[in-house]
Amino acid sequence: DLIDATPSRTLFPGEDRGAYAAFRLAFLEELAPVTFYERHLAETLVDLEWEVVRYRNLRTTLVTAEARDRSANAIEKSVNQYSFEPSKQSTAIADELFKPNGSGDEAATILRESAGTNLDEIVARAYAKEIGTLSHIERHLADIEPRRRRLLDDYDRLKARRSQNIPDAETVDDDGD
């Protein structure tokens, strides 16, 4: 089976193997490779698309981590202006702000009232602090796009060449009819 002939992909720590498997399967079903070479090109397309997802996730994680740290520091400074490190309590409040389900309303109120700032400002400052790294990520994402387009064009040409119809042969008898 062709699927067994392709190497398994190594994921970064923290990446969800199940999410990658579902992502890969969806792309392979869409591309419907038949030959080994089509499968190879399709797998390369999957890798490029996953790289885009990976870099977008890295970008979000980077800004979120910096914003969470800034929030914890702002909360701590509102309680103890001489502190150099946020307390566990300030860190826990900041963590609530950035929970995936968005349940940080109480933490946002604490941040706004006690620290005199809001989440939008914190995130904007985090983004500004990380702009150099974010610019690198954006350049890398922009570099992937032409590679992806060329590979997809190659893949489409390969599939089109395979699917060209060959006219049926004509039967000729010995009499020349």
Quick check for you: to the nearest 0.5 Å, what is the distance between [X] atom [atom1] and [Y] atom [atom2]?
X: E66; Y: T61; atom1: CD; atom2: OG1; answer: 13.5 Å
X: L152; Y: R147; atom1: CG; atom2: CZ; answer: 14.0 Å
X: D153; Y: L158; atom1: CG; atom2: CG; answer: 12.5 Å
X: L45; Y: Y155; atom1: CG; atom2: OH; answer: 8.0 Å
X: L151; Y: D47; atom1: CG; atom2: CG; answer: 10.0 Å
X: R125; Y: T117; atom1: CZ; atom2: OG1; answer: 7.0 Å

Quick check: do [X] and [Y] have side-chain heavy atoms less than 4.5 Å from each other?
X: R157; Y: R161; answer: no
X: Q89; Y: I93; answer: yes
X: T60; Y: R56; answer: no
X: L141; Y: R59; answer: yes
X: E130; Y: T133; answer: yes
X: V52; Y: R148; answer: no
X: R70; Y: K129; answer: yes
X: T64; Y: V123; answer: no

Legend entry - K77 side-chain N/O to Y82 backbone N/O, donor-acceptor pair under 3.5 Å: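 Not at all, since once roles are kept as given, no pair shorter than 3.5 Å links the two residues.
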
Inset, instruction - Without swapping roles, check the side chain of E38 against the backbone of V34 for a donor-acceptor pair under 3.5 Å. - result: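 Confirmed, E38 side chain pairs with V34 backbone.
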
Inset, instruction - Kindly indicate, with the supporting measurements, whether the criterion side-chain contact (heavy atoms from CB on, under 4.5 Å) is fulfilled by Y20 and V46. - result: CA-CA 9 Å; Y20 174 77; V46 169; 3.9 Å; yes

Over all atoms of both residues, closest heavy-atom pair of [X] and [Y]:
X: S90; Y: E76; result: OG-OE1, 2.6 Å
X: A126; Y: A67; result: CB-N, 3.5 Å
X: R54; Y: F12; result: CD-CE1, 3.2 Å
X: E121; Y: N118; result: N-OD1, 2.8 Å
X: E49; Y: F27; result: CG-CZ, 3.5 Å
X: S71; Y: A94; result: CB-CB, 3.9 Å

Inset, instruction - Just do the side-chain contact (heavy atoms from CB on, under 4.5 Å) check on L97 and R68 with the steps written out, would you? - result: CA-CA 8 Å; L97 282 168; R68 186 177 44 245; over 6 Å; no

Inset, instruction - Please state whether the rings of F23 and W50 are parallel, tilted or perpendicular, taking 30° and 60° as the class boundaries. - result: perpendicular

Legend entry - L28-V53 co-clustered via ILVMFWY side chain contacts under 4.5 Å: yes

Inset, instruction - Take atom NE2 of H136 as the centre, draw a 6.0 Å sphere, and report whether it contains more than 12 heavy atoms from other residues, nucleotides or ligands. - result: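 12 or below, so no.
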
